[in-house]
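Letters go in sequence order (proteins before strands), and every chain restarts at 1. All heavy atoms count here, side chains included; hydrogens, waters and symmetry mates do not.
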Number of protein chains: 2
Amino acid sequence: MKNLIAIAVLLITVVSCHINQKATQTGFPFILPKEKPNRPMSAAMERIYTAYESAEPQYNELFSQFKYSELKGFDYHGHDGTVSRRDPSKIIRYNGKYYVWYTHRQTPTPPMGAEKCTDEIPSSDWDLSEVWYATSDDGFTWQEQGVAIKRPEKPLVGWRSVTTADILEWKGKFYLYYQGFMEASGKRGDDCPVAVSWADSPDGPWTPYNKVVIANGAKGEWDQYSIHDPYPLVHDRKIYIYYKSDFGEAPDKVRMAGLATADNPLGPFTKCPLNPVITSGHETTLFPYKKGVAALVYKDGPEHNTIQYAEDWVNFKIASITEMMPWAGAPYVPDAFTDTKDGRGITWGLAHFINFNQDARTYHSVMVRFDCDLSRDLNDPEMKQHRVIHAPDVYYRQGLSKKQLIRIKEENKNKK
Amino acid sequence: MKNLIAIAVLLITVVSCHINQKATQTGFPFILPKEKPNRPMSAAMERIYTAYESAEPQYNELFSQFKYSELKGFDYHGHDGTVSRRDPSKIIRYNGKYYVWYTHRQTPTPPMGAEKCTDEIPSSDWDLSEVWYATSDDGFTWQEQGVAIKRPEKPLVGWRSVTTADILEWKGKFYLYYQGFMEASGKRGDDCPVAVSWADSPDGPWTPYNKVVIANGAKGEWDQYSIHDPYPLVHDRKIYIYYKSDFGEAPDKVRMAGLATADNPLGPFTKCPLNPVITSGHETTLFPYKKGVAALVYKDGPEHNTIQYAEDWVNFKIASITEMMPWAGAPYVPDAFTDTKDGRGITWGLAHFINFNQDARTYHSVMVRFDCDLSRDLNDPEMKQHRVIHAPDVYYRQGLSKKQLIRIKEENKNKK
């Protein structure tokens, strides 16, 4: 509130350069003050002292670059499109090992689209999939352990595909939340609800609850069709599940994230009436930070390429602006389930590259490791560099399309 | 002010999810309303209706992707580092041709650093340079016309190097503002003031004013050492020059932009007392937009990767968040000098790639064309895509350093 008043006062008293030109204040100091100086300032200068944790990104714990490393231990059948791994869960540590769950597809062909798909031929990259898991000592080399959640018999939820799992530990038991498909993707199969299975250990066996645990919204509501990427954390002695929904009509499809909370892992879940709570981004990537929760927001929407923070776990603000963020980022979150009031942040996780070959004929996804410094316990200056430096070829690959070249040629002709 | 009150009311009345859970409002609508709906909303949802021109980037005139094209017509001597072109001026159209001015270096060797430089060997990429210019029919193929601003005799301002020019048209005359170096870069030579030359035609000849036209700040002020990248526009019957200054001490060097205005191209220039007015970014890239001015802000600072807007030409706010922005972007700005109250925006310009070979031994820069849709007169859906899609190798190139790998190995060891 104090910041709002300060901004309002500034707006009223210092509307433009000229009004204030007669003021005799000296120039802004050569050493950027750490604390907000008591002097009239431009709106942009005012903002760097009020909107972010620090006026300089390198001192903002919620600013980071992202570094990427190839994973060892996963076979992709020569990257021919018949094996895909994507949408990793957040990573947990158990009995001295890291665990991750993910969508695993192994099919006779690459995805063939909704028209050509059969009971064995996938429509999309995440069709006819199962949830598999892998373990690791170091986060770089992984041992694939096989299936965690099998597709159940028709007509149970998920008979067509089970995907996009995430993990919760609650009172000594483990819960995997995932999307259960009852129709091929592309035939409105993505309109799937959230299912859950539980186990006494991350190694399973997993017992399916066999009921929808977070239902789609009512007709006409933003989440009427899809509840994707369920992402559980523990806060305030409750289970907080953030989820993504696709809504709107093409070409103005919108992706936003909402929140549902429950006292019990099997529900009932209550949706936050202020949903959606994150207006940009694609998949869900969150972690406890101080008293609140932080989110990686990328790909879609007006606030993509940001890291956001909500002290009350509901009302998110932009904490930093960055680039080259992990897609489907799934961090190692040591305090995901501790109901912490002092969240420490993250330093690494897994993510995915969709369409790894950049070729629809061999469409498949590959998991990758990312590292960052979004942790209050790490200070890595290399992660706090302000910018990514790309070689020129990376820019040239973002070239004009033929259509655009024709448009520009036409515009030049009209100039003459 | 209305927005601020709305946000304040929201903060007070709807602090969290739980307080409001008893409200009976239905879920958010499936079709994203174009106008802000009258219902309690999360802070993030409130913001997309109040902070940006549109809740969806594709309808925000100040949101764009950037596409890059190689230029034809410039020879770089086999990219051996002896020829460099960088820091293009904004582009103007005159007698049916496009004109651009830029820093041109042609030296016996690539830059050798401040220690090894001589009267003929450059210290930095912009040392021992001149301002050259080129013309074009289409903006892709350029005819280099040769020198516009030569280095004057010692000890005149710019005897060591003249660089980073930008153009003003004012009452039928043309003015080139540029940095005049009196010492090699790296020996505090970058502490250079702004010089100006004028001509009756963009083809010259250019008459040097031979005086400092925008002076550095007083001792202890933010711009005491450098006034870089002078960028003139015409507004309110005055000349508005935005400029960048480097300040602070390593490792916390800061780059921000200020404003100086004058009634006459040769000054005197009055600095805005609210300087700095842009807190992030690197070089200066601005253009009239509606009643105000828009800026591309990239590379450095907490608000890099944004496009900003100031209706009063002083108090900038974030208009959009984007990525892969042009460095030293120098757009074609048809209404740069028309004192417009209805700025139309930009669709293309030139920029540069510094260290083109990514190799210090052949350090030089190359100019490149960028295209975008930041124009109210263009609607190019390809430019309004929300995201850049990179191939996996672009991510893998952003890999962990050896130092980081050792740090992570150590952390893993300590876990056991």
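Between chain B and the options A:Asn357, A:Val368, A:Ile408, heavy-atom pairs under 4.5 Å are most frequent for A:Ile408. Among A:Pro276, A:Gly258, A:Pro251, A:Gly96, the residue making the largest number of heavy-atom pairs under 4.5 Å with chain B is A:Pro276. Chain A forms the most heavy-atom pairs under 4.5 Å with one residue out of B:Met383, B:Lys409, B:Glu411, and that residue is B:Met383. Counting heavy-atom pairs closer than 4.5 Å to chain B, the top residue among A:Glu323, A:His304, A:Gln308 is A:His304.
For the pair B:Ser42/A:Phe316, no side-chain contact is recorded, criterion being any heavy-atom separation below 4.5 Å from C-beta on. Counting heavy atoms from C-beta on, the side chains of B:Asn315 and A:Glu46 never come closer than 4.5 Å. A:Asn412 has its side chain out of reach of B:Asp137: every pair of non-hydrogen atoms, C-beta onward, lies at least 4.5 Å apart. B:Leu32 places a side-chain heavy atom less than 4.5 Å from the side chain of A:Met256. With contacts defined as side-chain heavy-atom distances shorter than 4.5 Å, the pair B:Phe247/A:Ile31 does not qualify.
Contact of B:Glu70 with chain A is made through backbone and side chain together, with heavy-atom distances under 4.5 Å. Proximity to chain B involves both the backbone and the side chain of A:Glu382, based on heavy atoms less than 4.5 angstrom apart. Heavy-atom distances place no part of B:Ala310 under 4.5 Å from chain A, backbone and side chain included. When heavy atoms are compared at a cutoff of 4.5 Å, B:Ser69 approaches chain A by way of both its backbone and its side chain.
Looking at every heavy atom in both residues, B:Gln398 comes nearest to A:Val388 through NE2-CG1, 3.3 Å. Closest approach of A:Phe28 and B:Asn275 over heavy atoms only: CB-O, 3.7 Å. Closest approach of A:Thr322 and B:Asn305 over heavy atoms only: O-ND2, 3.6 Å. Nearest heavy-atom pair, A:Ile48 versus B:Pro302, reported as atom, atom and distance to 0.1 Å: CG2-CG, 3.6 Å. Contact record, B:Gln404 with A:Asp380: NE2-OD2, 2.9 Å, taken as the closest heavy-atom pair. Looking at every heavy atom in both residues, B:Pro273 comes nearest to A:Arg39 through O-NH2, 4.1 Å.
Atom NZ of B:Lys34 is surrounded by more than 12 heavy atoms from other residues, nucleotides or ligands within 6.0 Å. Enclosure of atom NZ in A:Lys253 by more than 12 non-hydrogen atoms of other residues, nucleotides or ligands within 6.0 angstrom is indicated.
For A:His390 and B:His390, the distance between ring centers is under 6.0 angstrom. Ring centers of A:Phe370 and B:Tyr395: at least 6.0 Å apart, outside the cut-off.
Remark: A:Lys67 NZ to B:Ser401 OG distance equals 7.5 Å, nearest 0.5 Å. Note: B:Glu56 CD to A:Thr279 OG1 = 10.5 Å, rounded to the nearest 0.5 Å.
Salt-bridge formation is detected for the pair B:Asp393/A:Arg397: a Lys NZ or Arg NE/NH1/NH2 atom is positioned less than 4.0 Å from an Asp or Glu carboxylate oxygen.
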